[in-house]
Enquirer: 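I have a structure I would like to understand better, so I am pasting it below and will then ask my questions one at a time.
Order of listing sets the numbers, starting from 1, for every ligand and every atom in it.
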Amino acid sequence: MGEFVTVTTDAHGVATIRLDRAPVNALNPQIWAELREAGQVCTDDNDIKAVVIWGGPKVFAAGADIKAMRAMDFQEFFAAGGGLQESFKTLARIPKVTIAAVNGYALGGGCELSLTADFRYAADNAKFGQPEIKLGLIPGAGGSQRLTRLIGVSKAKEWVYGGEMYDAQTCEQLGLVDRVYPADEVYDRAVEAARAYAKGPYALRMAKKAIDEGIEMDIDAALRLETTLFTACFATEDQKLGMDAFIAKGAAEFTQR
Ligand code: CAA
């Protein structure tokens, strides 16, 4: 697809969004655009049923490209309209299950990229952090918001104010990382889990929407959203397959329709 970001889909409907910009997958404006395109492809292509985001075996992403940013002024950033954040919104809104498989550093925009996924599977050598403060910045691609929702206000402040790095085990205790695996296994484990989700019912999309959109609402509105989406499940083929299979004491083969 792009020069630095590719999307490949396996026979099980699992797409891998792969970043490849040596040496550290620094996120320059071209990658912002390519990630947005990749997110759109994963959203639109019905043959894609689950997604893994991977930066390769050495590093997930060391953040926005500091050298490119140093050359940009206020007007250029203003005109870019939060370009990286917009790309990450496209990724976060992929209506299918997404897993970030993290080897090595996930810093700044790299950590924020992992936060767009439903789950983070980390290598035991992975390191996460929001070091922007050391550059005189704050996180600019969702870090102050998605991180806070995941690990809580005071922990997020500690991360953003301090700019330190945290290892995979610490991140697992905080609830930021969902699984820790040996470095050479993490991608395969993420694909394996994504394949299991790819066999799941259309209701997975409803569940993602209910949780991701509901958390932004007051509780009454969120519960109304849940009722709407719960009811909408009855319009799917998979709800009938799932219930018929239960009654027949078998297992459903879902169609994601
Ligand atoms: N942007 C541009 N280049 C980067 C980079 C980045 N984010 N991170 C590393 N590089 C470059 C280095 O400059 C170096 O290039 P040269 O070989 O040309 O000197 C090369 O990648 C390798 O880096 P190091 O020599 O530093 O390698 P290391 O193994 O000692 O350290 C690292 C690796 C811990 C990732 C370290 O490079 C580092 O701390 N990088 C910066 C991380 C950071 O601050 N990220 C936040 C960026 S701001 C942001 O992301 C804003 C936002 O929210 C959108």
Enquirer: What is the distance from atom NZ of Lys96 to atom NZ of Lys208, rounded to the nearest 0.5 Å?
Expert: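 These two atoms lie 10.0 Å from each other.
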
Enquirer: Is atom 36 (C) of ligand 1 close to the protein, meaning a heavy atom under 4.0 Å from it?
Expert: no

Enquirer: Please report whether atom 48 (S) of ligand 1 has a protein non-hydrogen atom at a separation of less than 4.0 Å.
Expert: yes

Enquirer: For atom 21 (O) of ligand 1, decide whether some protein heavy-atom distance is shorter than 4.0 Å.
Expert: yes

Enquirer: Identify which of Ala141, Cys111, Ala68, Gly109 has a heavy atom lying nearest to atom 50 (O) of ligand 1.
Expert: Gly109

Enquirer: So which heavy atom on Glu76 is nearest to which on Ala71, and how close?
Expert: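 Closest pair (atom of Glu76, atom of Ala71, distance): OE1-O, 3.8 Å.
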
Enquirer: Do Glu226 and Glu213 make a side-chain contact, defined as non-hydrogen atoms from C-beta onward lying under 4.5 Å apart?
Expert: no

Enquirer: Looking at Gly108, which atoms of ligand 1 are within less than 4.0 Å of one of its heavy atoms?
Expert: 46 (C), 50 (O)

Enquirer: Counting only non-hydrogen atoms of the protein, does one fall under 4.0 Å from atom 24 (P) of ligand 1?
Expert: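 Flag for atom 24 (P) of ligand 1 set to false, no protein heavy atom closer than 4.0 Å.
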
Enquirer: Mind checking whether Lys89 and Thr116 have side chains closer than 4.5 Å, heavy atoms only?
Expert: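 The answer is no; the side chains never approach within 4.5 Å.
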
Enquirer: Tell me whether atom 31 (O) of ligand 1 lies less than 4.0 Å from at least one protein heavy-atom position.
Expert: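 No, there is none.
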
Enquirer: Can you tell me which residue among Val59, Leu27, Asp65 is in a side chain to side chain contact (heavy atoms under 4.5 Å, CB included) with Arg21?
Expert: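 Among Val59, Leu27, Asp65, the one meeting side chain to side chain contact (heavy atoms under 4.5 Å, CB included) with Arg21 is Asp65.
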
Enquirer: Kindly identify the option in Gln85, Glu132, Lys67 whose heavy atom sits closest to atom 52 (C) of ligand 1.
Expert: Glu132

Enquirer: Taking a hydrophobic cluster as the set of Ile, Leu, Val, Met, Phe, Trp and Tyr residues connected by side-chain heavy atoms closer than 4.5 Å, whether directly or through intermediates, do Leu19 and Val52 fall within one such cluster?
Expert: no

Enquirer: Any chain of hydrophobic side-chain contacts (each under 4.5 Å) joining Ile94 to Ile48?
Expert: yes

Enquirer: Which one holds for Glu112 and ligand 1: side chain close, backbone close, both close, or neither close, with close meaning a heavy atom under 4.0 Å?
Expert: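 Only the side chain of Glu112 comes within reach of ligand 1.
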
Enquirer: Using a distance threshold of 4.0 Å (strictly less than), state whether atom 7 (N) of ligand 1 has a protein heavy-atom neighbour.
Expert: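 Yes; the ligand atom in question has protein heavy-atom contact below 4.0 Å.
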
Enquirer: Look up atom CZ in Arg179 and atom CD in Glu185, then write down how far apart they are to the nearest 0.5 Å.
Expert: 13.5 Å

Enquirer: Determine, using the 4.5 Å side-chain heavy-atom cutoff (strictly less than), whether Phe119 and Phe128 are members of one ILVMFWY cluster.
Expert: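 Unlinked, Phe119 and Phe128 end up in two clusters.
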
Enquirer: Which residue and atom name correspond to the protein heavy atom nearest atom 41 (C) of ligand 1, and how close is it?
Expert: Ile66 CD1, 3.8 Å

Enquirer: Using protein heavy atoms only, decide if any is under 4.0 Å from atom 17 (O) of ligand 1.
Expert: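 Looking at atom 17 (O) of ligand 1, one finds that no protein heavy atom lies closer than 4.0 Å.
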
Enquirer: Just wondering, do Arg120 and Asp178 contact through their side chains at under 4.5 Å, heavy atoms?
Expert: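 A side-chain contact under 4.5 Å exists here.
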
Enquirer: Ignoring hydrogens and geometry, is there a side-chain-to-backbone donor-acceptor pair from Thr98 to Asp118 under 3.5 Å?
Expert: yes

Enquirer: So, is Leu84 polar-close to ligand 1, with some N/O to N/O distance under 3.5 Å?
Expert: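 No; the residue has no nitrogen or oxygen that sits under 3.5 Å from a nitrogen or oxygen of the ligand.
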
Enquirer: I'd like to check Lys49 versus Lys199 (side-chain heavy atoms, cut-off strictly below 4.5 Å). Are they in contact?
Expert: no

Enquirer: So for Met69, does at least one of its heavy atoms come nearer than 4.0 angstrom to any atom of ligand 1?
Expert: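 It does, in that a heavy atom of Met69 comes within the 4.0 Å cut-off of ligand 1.
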
Enquirer: Between ligand 1 and Pro131, can you find any atom pair, the residue atom being a heavy atom, that is separated by under 4.0 Å?
Expert: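 Yes, that is the case, since the closest heavy atom of the residue is under 4.0 Å from the ligand.
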
Enquirer: Evaluating non-hydrogen atoms only, which member of Asp65, Leu27, Val24, Leu137 is closest to atom 5 (C) of ligand 1?
Expert: Val24

Enquirer: Give the atoms of ligand 1, by number and element, whose distance to some non-hydrogen atom of Pro23 is under 4.0 Å.
Expert: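 Result: 20 (C), 21 (O).
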
Enquirer: Examine the proximity of ligand 1 to Ala62 and report which part, side chain or backbone, both or neither, has a heavy atom under 4.0 Å away.
Expert: both

Enquirer: Is atom 27 (O) of ligand 1 touching the protein, meaning some protein heavy atom lies under 4.0 Å away?
Expert: no

Enquirer: Taking only heavy atoms of Gly140 into account, list the atoms of ligand 1 that are under 4.0 Å away from them.
Expert: 52 (C), 53 (O)

Enquirer: Do Phe4 and Asn25 have side chains that approach each other closer than 4.5 Å (heavy atoms only, starting at C-beta)?
Expert: no

Enquirer: In terms of atom number and element, which parts of ligand 1 are under 4.0 angstrom from non-hydrogen atoms of Pro139?
Expert: 53 (O)

Enquirer: Could you tell me if Arg36 and Gln40 have a donor-acceptor pair between their side chains, going purely by distance under 3.5 Å?
Expert: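 No, because no side-chain N or O of Gln40 sits under 3.5 Å from a partner of the opposite role on Arg36.
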
Enquirer: Can you find an N or O of Ala26 that's nearer than 3.5 Å to an N or O of ligand 1?
Expert: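 Checking ligand 1 against Ala26, no N or O pair falls under 3.5 Å apart.
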
Enquirer: If two hydrophobic side chains count as joined below 4.5 Å and joins carry through other members, does Val41 share a cluster with Ile31?
Expert: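 Yes; Ile31 is reachable from Val41 via cluster members.
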
Enquirer: Do any nitrogen or oxygen atoms of Leu107 come within less than 3.5 Å of a nitrogen or oxygen of ligand 1?
Expert: no

Enquirer: What residue and atom, counting heavy atoms only, is the protein's closest point to atom 33 (C) of ligand 1, and at what distance?
Expert: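 Protein heavy atom at minimum distance: Tyr105 CE1, 3.7 Å.
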
Enquirer: How does Val59 reach ligand 1, if at all, at less than 4.0 Å between non-hydrogen atoms: by side chain, backbone, both, or neither?
Expert: neither

Enquirer: For Leu135, take its heavy atoms, then give the atoms of ligand 1 lying under 4.0 Å from any of them.
Expert: 44 (O), 47 (C), 48 (S)

